[in-house]
Amino acid sequence: MNHPNYPAILEEIHRDIAPWRTAGRVADYIPELARVPAERFGMAIVTLDGSVYSVGDAYERFSIQSISKLFACTLAFQLLGDALWERVGREPSGTAFNSLVQLETERGKPRNPFINAGALVVTDVLCRRFVGAETALVQFVRRLTGAADLDYDLRVAQSELAHAERNRAMAHFIASFGNLEMPADAVIDAYCRQCAIEMNCVELATAALFLANGGVAPVSGERVLDASSAKRLSALMLTCGTYDAAGDFVYRVGLPAKSGVGGGIVAVLPGEMAVCVWSPGLDANGNSLAGVKSLEWLTTRTGQSIF
Ligand code: GLN
């Protein structure tokens, strides 16, 4: 395969991003996340032919937070197929990732699986099927990456659990419409644990590679999804993966992506590579400020995007 000069472009981005690294705000509504130094920055590209290119803190693990929604949704989609969409929609929300407003008029059916409300329903599907939904997810990302020591950070999970009033309200509200099958508190518990999974940029890019590879994970050879389902999940990332900023993100970056309030963003270029960037300072929508900018520079400087 003929790749762009990824090492040189990553080095350039690493250099140019320096002033932006402290421009965002580290998430502090989960107290444990506020302890992460704002100036951290890492970026990694993993290509389908197995090359790994990285700069900065690409091997330092961080809290994947909402990026876990991508892996959880993949498992739920594996289990239920299109029946999943009877319980969660496929439209961008245009509201914040933790918003409750649409749930009342839309009778407890969240807009999409990548906002908190939708992820709670997805986690409910996993709780119904697995004794420990978070364990199933941890095992899944271990298989996708080959990193047997991946796990969630109990302190981060407990820190979120102790401050989860909004997500609790959401889960109980969804339950009131009959769209949770398991007890709301059990779903919240599993949700906070899965959000607390820690991975680094190289691991996250590797884990997302199945989406760039027609649904087959290159590390394990596992067929995660059929090619059509992998296409559909990538389409959902494009329209919903960065919350209410999805339109602006696609305009600037042009790749399907999923972000998290830990400051990570993972994106895929089908047929070529997956990329992950980490910078904990967030913009007003809860996406990594330097992360979005770096990905914008990557697709502009390589000339590569899905468009
Ligand atoms: N655990 C976080 C929450 O529920 C995840 C949010 C995010 O990363 N956007 O608030």
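Whatever order the structure lists them in is the order used to number ligands and atoms, beginning at 1.
- Residues satisfying the salt bridge (Lys or Arg N to Asp or Glu O under 4.0 Å) test with R107, not counting sequence neighbours, are none.
- A salt bridge between R232 and D82 is absent, with no side-chain N of the basic residue lying under 4.0 Å from a carboxylate O of the acidic one.
- Salt bridge status for R21 with E39: absent, with no side-chain N to carboxylate O gap under 4.0 Å.
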Measure from every N or O atom of ligand 1 to the protein's N or O atoms and keep only the pairs below 3.5 Å, writing each with atom names and distance to 0.1 Å.
unit_1   : atom_1 : unit_2 : atom_2 : d
ligand 1 : 1 (N)  : Q65    : OE1    : 2.5
ligand 1 : 1 (N)  : E160   : OE1    : 2.9
ligand 1 : 1 (N)  : E160   : OE2    : 2.7
ligand 1 : 4 (O)  : N116   : ND2    : 3.0
ligand 1 : 4 (O)  : E160   : OE2    : 3.1
ligand 1 : 4 (O)  : N167   : ND2    : 2.9
ligand 1 : 4 (O)  : Y191   : OH     : 2.6
ligand 1 : 8 (O)  : S66    : N      : 3.1
ligand 1 : 8 (O)  : S66    : OG     : 2.7
ligand 1 : 8 (O)  : V261   : N      : 2.8
ligand 1 : 9 (N)  : S66    : OG     : 2.9
ligand 1 : 9 (N)  : Y243   : OH     : 2.7
ligand 1 : 10 (O) : Y29    : OH     : 2.5
ligand 1 : 10 (O) : N116   : ND2    : 3.4

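- Side-chain polar atoms of S259 and N287 form a donor-acceptor pair below 3.5 angstrom.
- Judged as a side chain to side chain donor-acceptor pair (under 3.5 Å), and not counting sequence neighbours, T135 has no contacts.
- Residue pairs meeting the side-chain hydrogen bond (donor to acceptor under 3.5 Å, both in side chains) criterion with at least one member in residues 113-124, sequence neighbours excluded, are K69-N116, R87-D124, N116-N167, N116-Y191, T123-Q194.
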